[in-house]
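Notes follow the structure.
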There are 2 protein chains.
Amino acid sequence: MGTTTIDAPAEPKYWQLRTVLVRTIEDEFHPGEILPNERELSARFGVARATLRQALDQLELEGRLVRRRGIGTLIAAPRIGVPVAEPGESWRIVDGGTVKATTAVADALGLEAGAPVHTVQRVRMTAGHIVGTETLFVPPALVPHIPGFLKETSRARAVLKQFQALEIDGEQRSVELGVAEEEQARLLERPPGIPVLVLTTRYQAEGVTVAVAVSTYRADTCRLTFGDSGVEVREAS
Amino acid sequence: MGTTTIDAPAEPKYWQLRTVLVRTIEDEFHPGEILPNERELSARFGVARATLRQALDQLELEGRLVRRRGIGTLIAAPRIGVPVAEPGESWRIVDGGTVKATTAVADALGLEAGAPVHTVQRVRMTAGHIVGTETLFVPPALVPHIPGFLKETSRARAVLKQFQALEIDGEQRSVELGVAEEEQARLLERPPGIPVLVLTTRYQAEGVTVAVAVSTYRADTCRLTFGDSGVEVREAS
DNA sequence: CAGTGGTCTAGACCACCAG
DNA sequence: TGGTGGTCTAGACCACTGA
């Protein structure tokens, strides 16, 4: 009889749970600490384990939690600020070669789909962690004289060198959400399907796009920074 | 007996399903078309509906699908390119006022936590759609003379005007993944919990941060562009 | 080995939308 | 009203971790 509110549109349980957990995490836990296990939490809140997991999924997407199989659910460290296009970036070349351009890459570079492009694949290190991957695509026309007998990493190094010699006078970037497919996931040392921030950079010289780089950064642990911010790099526990 | 491979680490069903669906979507469907319903799909692939949904969740996160309750699962239009910091952005003021600074905002502005800050809340329109929200925080010290009797939207307009009169000489931006809480979700006309790209901008004048803007963009439908790209705005069906 | 999170199932009911 | 996706349950088994 007579509640004052109009029955409240009834938020889903998992969302209420998330709200409760956010407060609990912020008030009573610190990064690196372990939450009670899922079976206990679900019992404590009187919900099915699947429902609890739905709430934890959200919190993990927000970068508040990290779940490790066999270990438990931990409070995540603050996201790492990853500077984009700043001097001093730390990369490690892992692969390279010449492949047929996908339509997306070909479009950006003004090539025919399937035309050969040189590639360099690198992983980005920040604060001792692998935080991202990058695949650079350069048209062979701009990097003509690469001996075929080079090892892939040597070739990659050569491509990168000649790329850096180009007189880039402009960069267009875009950021969107994606999920890591097999190859990126392997490089990031995570299972496939983890959310990533996809940074696409089109390098220009005299108005034309001379190279394209597609980078993926772990969305759970990274915050991409532009300008001169993002200096507050912090160690994960 | 004797398979040649070492038993393959067995990818989860939902990931295999996703792979199959990606190919199907790219090969046989176009934006706006409707997929068979979940019960039929799960039957067709011989999995539980929950497992199928796990695959669809991934595809939705990637912006390949849009699910509408009561309608069905549709092929999504390509993400909308949303230019950041370009002239001609289209915003609509929805609210404003003076609130106590959260610690994050206070830190950025060099204030005490809980100190009052003026706010302006806007929604961003692109191609006729609401794609994002923004909350601008400005210290009262920089926008001193706002009469208290103004309506909120008028006050917001006044704050914005004085903000634009500041001589901003630098901007630091960062992008990370988040989920929309109640307020942003309402402004985006979506349920709470949808993934958003959180763009934080710190405006600087003579080396000090004079204002902070926190924007949220729908991660499912938006691609943030920097520089002068992102012109290929396309209508959703 | 025991304990953790990860996957998967089968089924139920609800909220929403179109005709 | 019938069909859609959204939520929730109870239970099972697997994969990984550490002691």
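Here is how names work: the chains are called A, B, and so on, in the same order as the sequence lines, proteins then strands, and each is numbered from 1.
The environment of B/Arg157 atom CZ is sparse: at most 12 non-hydrogen atoms of other residues, nucleotides or ligands sit within 6.0 angstrom.
Between the axis at the start and the axis at the end of the helix from C/dC1-D/dG18 to C/dA18-D/dT1 there is an angle of 10°, using five pairs per end and rounding to 10 degrees.
At the phosphate of C/dT4, neither OP1 nor OP2 sits under 4.0 Å from any side-chain N or O atom of A/Thr73. In terms of phosphate contacts, B/Asn37 brings no side-chain nitrogen or oxygen within less than 4.0 Å of OP1 or OP2 of D/dG3. Neither OP1 nor OP2 of C/dG6 sits under 4.0 Å from any side-chain N or O of B/Lys13. Remark: A/Tyr14 is in phosphate contact with D/dT7, judged by side-chain N or O atoms under 4.0 Å from OP1 or OP2. A sub-4.0 Å separation between OP1 or OP2 of D/dG6 and a side-chain N or O of B/Arg53 is present.
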Practice task
Apply the test side chain to side chain donor-acceptor pair (under 3.5 Å) to residues B/Arg155 and B/Thr98: give CA-CA distance (whole Å), side-chain angles for both, the deciding distance (0.1 Å), then the verdict.
Solution key: CA-CA 9 Å; B/Arg155 174 195 288 264; B/Thr98 303; 3.1 Å; yes

Practice task
List the steps and the verdict of side chain to side chain donor-acceptor pair (under 3.5 Å) for A/Thr216 and A/Thr133.
Solution key: CA-CA 5 Å; A/Thr216 63; A/Thr133 72; 2.6 Å; yes

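None of B/Glu89, B/Glu134, B/Glu86 except one satisfies the salt bridge (charged side-chain N to carboxylate O under 4.0 Å, His left out) rule with B/Arg124; the exception is B/Glu89.
One can place CG of B/Asp57 at 10 Å from C1' of D/dG6, the figure rounded to the nearest angstrom.
For the pair A/Glu38 and B/Gly46, nearest-nucleotide mapping onto DNA chain C gives the more 5' position to A/Glu38.
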Might you list the N or O atoms of the protein lying below 3.5 Å from N or O atoms in nucleotides 12-18 of chain C, with each pair's distance?
unit_1: C/dA15; atom_1: O4'; unit_2: B/Arg69; atom_2: NH1; d: 2.8

